[in-house]
Amino acid sequence: MGAVLSRSGLRAAVALLAVGAGATALSACSARPGANANLIAGKQLFVSKCGSCHVLGRAQTKGTTGPNLDEAFQQPIRDGLGRSGIRGVVHGWILHPNSQGVMPPKVVTGQKAYNVAAYVAYAVAKSGTDPGRIGTAVKQAGGGKPAVEKAGALEIDTDPTGQLAYVTDQGQGTSGKITIKSQNKSGTPHDIVIDGKGKGQVVTNGGVSQFSATFAPGSYTFYCSVPGHRAAGMQGKLVVK
């Protein structure tokens with residue numbers, strides 16, 4: 001969603017869209033029949049398709065490639081941009097991403113694009129958490145049970161929705177040689193690394209990042225080395241006994 005713009009530049013662009021004919025046109029666009037959107041589906045799609053690039057607090061996404069959406073819309077909202085206007089702005093970004101940016105065209109289309117735009121408009125720059133079924137639409141990333149080493153292999157997969165997290169942030173093993181594996185079913189690139197022990201390859205779409213090393217008893221940090229992912233919280237602790 002406009003990832004090439006700076007945060008200040010994005011805020012300025014959104015502010016311009018909030019006034020005059022531009023805002024009127026966007027509001028009209030967002031009022032199309034397809035804009036009767038499903039917020040639950042929109043949240044799920046945003047997390048899986050956009051969350052690895054953008055911060056959106058209520059979606060609990062921590063992407064670092066694109067603009068922080070909460071920050072980008074704070075001032076335009078204070079200046080009078082309504083939620084229907086935000087929906088139109090976001091829908092426009094999805095349909096016509098900046099050609100100089102990294103956001104791919106048609107990341108979602110049709111009703112799915114309306115669903116994502118509607119959810120972002122609903123959630124952006126709001127404190128607290130989503131209520132009810134919207135709040136439980138996406139499983140919390142990294143909250144799974146600890147991964148346990150079996151017969152010298154320890155599998156710590158990445159979150160299948162594309163969030164910047166592993167399915168668990170805890171691993172357990174016994175001393176000796178261990179093969180660390182991490183399957184990534186999403187299209188967001190990930191790997192798994194333990195400093196001083198090994199680094200798996202960056203993989204996507206079902207690939208497995210892995211390495212083998214000998215571990216003494218102790219505590220080790222595993223993380224994803226793709227730029228920005230560890231800073232967004234994609235790491236965990238392996239305890240070897």
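Scope of the values below: all heavy atoms of this structure, side chains included, with no hydrogens, waters or symmetry mates.
A salt bridge links Lys199 to Asp191: at least one charged side-chain nitrogen sits closer than 4.0 Å to a carboxylate oxygen.
Between the side chains of Ser48 and Thr161, no donor N or O sits under 3.5 Å from an acceptor N or O. Remark: the Gln74 side chain and the Asp70 side chain contain no N/O donor-acceptor pair separated by less than 3.5 Å.
In this structure a side-chain-to-backbone donor-acceptor pair under 3.5 Å is present from Ser186 to Thr188. Of the possible polar contacts, none joining the Arg87 side chain to the Ala118 backbone as a donor-acceptor pair under 3.5 Å is found. Side-chain atoms of Asn115 come within 3.5 Å of backbone atoms of Asn38 as a donor-acceptor pair (strictly under, hydrogens ignored). A donor-acceptor contact shorter than 3.5 Å links the side chain of Thr168 to the backbone of Lys145. Between the side chain of Glu149 and the backbone N or O of Thr174, at least one donor-acceptor pair lies under 3.5 Å.
Ile192 and Val167 fall into different hydrophobic clusters, where Ile, Leu, Val, Met, Phe, Trp and Tyr residues are linked whenever their side-chain heavy atoms come under 4.5 Å apart, directly or through other members. Cluster annotation: Leu39 is connected to Val108 through the hydrophobic network of ILVMFWY side chains, with a link wherever side-chain heavy atoms come within less than 4.5 Å. A continuous path of Ile, Leu, Val, Met, Phe, Trp and Tyr side chains, each step under 4.5 Å between heavy atoms, connects Val107 with Leu69, placing both in one hydrophobic cluster. Both Ile77 and Leu56 are assigned to one and the same hydrophobic cluster, defined by single-linkage of ILVMFWY side chains at heavy-atom distances under 4.5 Å. A single hydrophobic cluster is seen to contain both Val116 and Ile134, as judged by linkage of ILVMFWY side chains at heavy-atom distances under 4.5 Å, directly or through other members.
To the nearest 0.5 Å, the span separating CD1 on Ile156 from CG on Leu238 amounts to 6.0 Å. A distance of 8.0 Å separates OH of Tyr220 from CD1 of Ile178, quoted to the nearest 0.5 Å. Put simply, CE on Met234 and CD on Gln163 are 10.5 Å apart, with the number rounded to the nearest 0.5 Å. Within the model, atoms CD of Gln75 and CG of Leu81 stand 11.0 Å from one another, a figure rounded to the nearest 0.5 Å. In this structure, Leu45 CG and Ile40 CD1 are separated by 12.0 Å, a value rounded to the nearest 0.5 Å. For the atom pair CZ of Phe222 and CG of Asp195, the computed distance is 13.0 Å after rounding to the nearest 0.5 Å.
Heavy atoms only, all atoms of each residue included: Gln44 and Ala137 are closest at NE2-O, 3.1 Å. Annotation for Pro97 and Pro104: closest pair CG-O, 4.0 Å, computed over non-hydrogen atoms. Closest of all the heavy-atom pairs between Gln172 and Pro146 is NE2-CB, 3.8 Å.
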Show your reasoning for whether side chain to side chain contact (heavy atoms under 4.5 Å, CB included) applies to Arg58 and Tyr122. CA-CA 10 Å; Arg58 283 207 165 195; Tyr122 164 82; 3.7 Å; yes

Begin with the C-alpha distance, continue with both residues' side-chain angles, and end with the deciding distance and a verdict on side chain to side chain contact (heavy atoms under 4.5 Å, CB included) for Phe211 and Thr179. CA-CA 6 Å; Phe211 64 89; Thr179 297; over 6 Å; no

May I have the step-by-step check of side chain to side chain contact (heavy atoms under 4.5 Å, CB included) for Ile94 and Met103, ending in yes or no? CA-CA 9 Å; Ile94 294 171; Met103 179 177 171; 4.3 Å; yes

Could you walk me through whether Gln210 and Ser182 pass the side chain to side chain contact (heavy atoms under 4.5 Å, CB included) test, one step at a time? CA-CA 6 Å; Gln210 68 179 55; Ser182 181; over 6 Å; no

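Side chains of Lys237 and Ser219 form a contact here, defined as non-hydrogen atoms less than 4.5 Å apart. Proximity of Tyr119 to Val90: side-chain heavy atoms (C-beta onward) are nowhere separated by under 4.5 Å. Side-chain contact between Val124 and Lys126 is absent, with no heavy atoms from C-beta onward closer than 4.5 Å. Contact of the Lys181 side chain with the Ser209 side chain is not registered, since no non-hydrogen atoms from C-beta on lie closer than 4.5 Å. You'll find the side chain of Pro217 reaches within 4.5 Å of the side chain of Ser175, heavy atoms only.
A cation-pi arrangement, defined by a distance under 6.0 Å to the six-membered ring centre and an angle within 45 degrees of its axis, is present between Lys197 and Phe215.
The ring of Tyr223 has its center no closer than 6.0 angstrom to the ring center of Tyr166.
The residue from Val203, Thr204, Thr158 that alone fulfils the side chain to side chain contact (heavy atoms under 4.5 Å, CB included) condition with His190 is Thr158.
More than 12 heavy atoms of other residues, nucleotides or ligands shown are found within 6.0 angstrom of CZ on Arg78.
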